[in-house]
Amino acid sequence: MEILIESLGVDHPDTLEAMQRAAMMHRSFERWEEAEDLLRQIVQARMRLFGIRNTDTLEWLEHLVRLFLDTENIAEAEKLQTQVMDARMIAPGITNSKGIESMELMVEVLKADEAKFKEAEHMQEHIVFARRQASGDENIQTLKSMEALVAMYVVHGQRYEEAKQLQTQATDALKRVLGAEHPNTLHSMERLASIHALRQDYQEAEKLYCQIIEVRSRVYGPTHEDGLQAMEFLALVYGMQQRYPELEDVQRRIVETKVQNLGSEDIATLQAKDILASSYMRLQKWEDAQALYNDVVESRKRILGTNDPEILKSMTDLATAYQTSGLYEKAEDLLLYILDKRRETLGSQHPMTARTRYSLAETYKYMGSWKKAEELLHGEMSTTGDTGFTDAAGDRGDEYFKTCRTLEDLDEVIPVLERGVVNIPDDHPIRAMKLHELSGLFMLRFRRFTQQFEDLNTAIKWAEQAVHTISKQSPARPLLLKMLGKALWRRFEETGCESDMNGAVERAQEAADTMGEANPDGAIILANLAKMLVRRFEHTQDEDDLDASLVWAEQANMSLDPLPDDHPDRAKTLRRLSNAHWHRFNYSENMDSLKDAIRYGEQALKATVGDDCKLSLRLRFLGEMSKAQFELTKSLEDLEKAIIWSERTVESVPNTGKVAFSRCVWLGDLICLLEELFKLTENPDHLDQSIRRAEEAASIASDEALELPLGAILSNLAIQYFDRFTHSSEAEYLEKALQTADRSVEVTPEGHKNREHVLQTQQAIYEQIAELMEMAAAEGEAEQNDEFEE
């Protein structure tokens, strides 16, 4: 090509043809830079020779547009395609084929930018209209454009009714033009069936899929690939309706077909066997499920070796089948092997390792081996430092459900678990625990995502069923009672219904009464009862509840005496004991109760792991108690302790992101304490400390996303600047006080609840400045008079 360029020049037809071939070759091998460079040269040469309106020039411009699409340079693609369309003078109503093709390419460009999808959809509607005008309703290109529009309606707009109508027209036309058994017609019928399924019109979807399978089986043979695809779609429709016997039948046919077409150990065949085994599980065909999962495991071992992640996934499925059917020893052996492999390949802290550890601990619980379960969960922390235990309504639950990070994850997981629970016999030991997990998922859905009362009620429904289902002798029963109590208390917080409040305490009491001595969650269950009693005391002021909470909190703490100091339950239990004494102090104003509350609070903090999410709250609680002690004693030592705890609370939270909201609020507490310290000591350094913290609070509050009261924070900062000026007479602080007071008014809109406060502060500062100026003027006049008399 270089020789042609040197001998004939870039503009020669032979040179251009060689460059065009080279550009297409570079693009096919994804050598984007070389392809773009050549295409630009080709386009420039053709524009010089023939102008932009030349047909070949426009076609090569569109080659460059497609290259930009390939490289995701969407802005350049749109800019260039707009030039092409302008050159072709395309407008709604233009029906020449090249113009329509350019519009179709522009649709592809616009679709690549999600913000412009509506614009793309609107243009595709014009394309359908133009093709109908130019070629008629039954032209193949017209029908293709209609189906492209259907896809846009379905995928992004969820406009299922319009999609159904348009796809029905396309399918009927293809039947007339190509015949009912033509491959294109059958593909169109598949698209129509999928739209019916999305509209939950399952009968129509099933009817169409069955027709497609019958035709393909008759015309192309029972093992044809397209017929297999239709069977897989039909299986999805049966699954959506929970028609498991029919689903099993179709999935068995899929497996048989894949075995014939691909062999028994092809990856696609093994995936189909996995899916069929899961259907056996739903139908409680435990032995069939175990046999099929075992077949998949052995096949994958031969194909992939023993360390491949797919092997471990298949082994996990087999372990679940053993566990569900009560073969706990087999499940244990398999899970121990999986856990060792996960640790070896992924590390102890990987989420998949944590899930395997949880599954093994759950198996130990079903076997009654509580000590093994506790040692396993407490021996290795999960990714975020928690154990992943099954208390999904409590502090540990979110760790188990770490794979459900979004509402979409929950909406995918919950129906699967609900269907599985329905198929487990009432007297099966695993049923109660699966109901317990379901309740936890709905509590997570309520707390973290929806705040919908319906989700809370559903969580309570499943928790009540779990308690009702589980044997009264089961060591897991206290845990389920504790979860039900927490869910009932949450509903009481939402509704104020006293029966829920009392029911929550009763469930917590029952959990404490029925747990055995060897229960590894004993301390947490007792501490939970103490917390519930304190909460009820806050609402009823019944001193009996307060006394009982102290007793149970003491018992919870004593139950941990034989365990190591760093046991993960110790911090939580000590916090409950500290809280009970704190409420006793607030009720009786007994100084000894306050000292006990602080002592146990300090022990709880000492036992808290560094990355515990409760660290900040425990620090703040200590600061609050130390402040209360100072208010009683007026001791400088107690005030300094309160300041230390408050500073540690502030520093435990980052100053950016959503959590900065808490830092700003806690800065307000610290500023108040520093102001108290300044009043006691009159040391300007303490006032400077307070000012620095107030400036930090104002900086955080400047982030509008946090929705903090910036005006009020600036107003208080202005007061501190003015106080600093009155103690130092430094003019810079007076200027800062004026500027900050003015800004506090500027950022506080009319009608805001803080508007009056910031205006009053501004006025007070200006009035005090005026008084100072009058005093200075009076002093100056007096000095002049004295000089005159002399």
Side-chain angles (χ1 to χ4, degrees), residues 384 447-448 451 575 601 605 608 610-628 630-631 639-679 685-724 733 736-762 764-765:
T384 57
R447 283 179 13 237
R448 187 172 293 179
Q451 288 78 52
R575 172 68 174 83
L605 185 66
T608 301
D611 59 355
D612 193 312
C613 62
K614 300 295 179 68
L615 176 63
S616 298
L617 297 176
R618 288 173 186 161
L619 286 165
R620 192 184 188 211
F621 183 50
L622 270 169
E624 186 180 348
M625 293 189 295
S626 297
K627 180 183 176 184
F630 161 70
E631 288 172 347
L639 178 57
E640 288 174 339
K641 280 184 180 179
I643 289 171
I644 289 170
W645 293 127
S646 187
E647 285 180 330
R648 286 187 61 185
T649 303
V650 168
E651 295 306 324
S652 69
V653 181
N655 59 5
T656 57
K658 291 182 180 180
V659 291
F661 182 96
S662 297
R663 183 179 178 102
C664 190
V665 172
W666 295 340
L667 276 167
D669 298 338
L670 176 57
I671 290 163
C672 291
L673 291 172
L674 290 169
E675 288 174 346
E676 284 290 336
L677 182 61
F678 173 66
K679 289 176 186 176
D685 290 343
H686 297 148
L687 182 55
D688 289 341
Q689 281 181 267
S690 178
I691 288 173
R692 284 195 296 273
R693 290 299 191 174
E695 288 172 339
E696 181 185 351
S699 176
I700 293 172
S702 298
D703 184 350
E704 294 180 0
L706 297 177
E707 297 182 355
L708 285 159
L710 177 59
I713 292 169
L714 288 169
S715 183
N716 293 332
L717 176 58
I719 293 170
Q720 293 195 64
Y721 281 143
F722 189 78
D723 288 344
R724 188 68 178 86
Y733 287 108
K736 285 182 178 180
L738 291 170
Q739 290 175 349
T740 306
D742 291 343
R743 185 166 172 239
S744 71
V745 174
E746 289 172 8
V747 300
T748 308
E750 295 282 352
H752 192 279
K753 63 180 182 179
N754 292 329
R755 179 73 176 183
E756 185 177 353
H757 166 70
V758 299
L759 284 170
Q760 288 175 351
T761 300
Q762 182 193 43
I765 289 173

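Counting begins at 1 with the first residue of the sequence.
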Considering only residues two or more places apart or on different chains, which pairs with a residue in residues 641-653 satisfy salt bridge (charged side-chain N to carboxylate O under 4.0 Å, His left out)?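 Salt bridge (charged side-chain N to carboxylate O under 4.0 Å, His left out) check on residues 641-653 returns Glu651-Arg663, Glu651-Arg693.
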Residue pairs passing the salt bridge (charged side-chain N to carboxylate O under 4.0 Å, His left out) test where at least one lies in residues 699-713, sequence neighbours excluded: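 Not a single pair qualifies under salt bridge (charged side-chain N to carboxylate O under 4.0 Å, His left out).
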Enter the distance from [X]:[atom1] to [Y]:[atom2] here, rounded to the nearest 0.5 Å.
X: Glu695; Y: Asp688; atom1: CD; atom2: CG; answer: 9.5 Å
X: Glu675; Y: Ile719; atom1: CD; atom2: CD1; answer: 8.5 Å
X: Ser646; Y: Lys627; atom1: OG; atom2: NZ; answer: 9.0 Å
X: Arg692; Y: Gln689; atom1: CZ; atom2: CD; answer: 6.0 Å
X: Leu673; Y: Phe630; atom1: CG; atom2: CZ; answer: 8.0 Å
X: Thr748; Y: Ile713; atom1: OG1; atom2: CD1; answer: 10.0 Å

NZ (Lys736) with more than 12 external heavy atoms under 6.0 Å: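 Yes, NZ of Lys736 has more than 12 neighbouring heavy atoms, counting only those of other groups under 6.0 Å.
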Please find the pair of heavy atoms, one from Ile671 and one from Ser690, that lie closest to each other, and give the distance.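 Scanning both residues completely, I find the closest heavy atoms to be CG2-OG, 3.6 Å.
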Closest contact, heavy atoms only, Ala660 versus Ile700: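 Closest approach of Ala660 to Ile700: O-CG2, 3.6 Å.
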Please identify each residue that fulfils side-chain hydrogen bond (donor to acceptor under 3.5 Å, both in side chains) with Gln762, with sequence neighbours left out.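 side-chain hydrogen bond (donor to acceptor under 3.5 Å, both in side chains) check on Gln762 returns Asp742.
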Please enumerate all residues that pass side-chain hydrogen bond (donor to acceptor under 3.5 Å, both in side chains) together with Arg620, with sequence neighbours excluded.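 Arg620 satisfies side-chain hydrogen bond (donor to acceptor under 3.5 Å, both in side chains) with Asp669 once adjacent residues are dropped.
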Could you tell me which residues satisfy side-chain contact (heavy atoms from CB on, under 4.5 Å) with Phe722, sequence neighbours excluded, listed by chain and number?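 Residues passing side-chain contact (heavy atoms from CB on, under 4.5 Å) with Phe722: Phe725, Thr726, Leu734, Ala737, Ile765, Gln768, Ile769, Leu772.
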Which residues satisfy the side-chain contact (heavy atoms from CB on, under 4.5 Å) test with Ser715, sequence neighbours excluded?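 Only Ser744, His757, Val758, Thr761 meet the side-chain contact (heavy atoms from CB on, under 4.5 Å) criterion with Ser715.
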Between Leu615 and Leu605, is any pair of side-chain heavy atoms under 4.5 Å apart?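 Leu615 reaches Leu605 side chain to side chain.
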Hey, are the side chains of Leu617 and Phe621 touching, using non-hydrogen atoms and a 4.5 Å cut-off?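 Leu617 vs Phe621: side chains apart.
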Look only at the side chain of Ser652 and the backbone of Thr649, and say whether a donor-acceptor pair between them is shorter than 3.5 Å.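 Checking the backbone N and O of Thr649 against the side chain of Ser652, a donor-acceptor pair under 3.5 Å is found.
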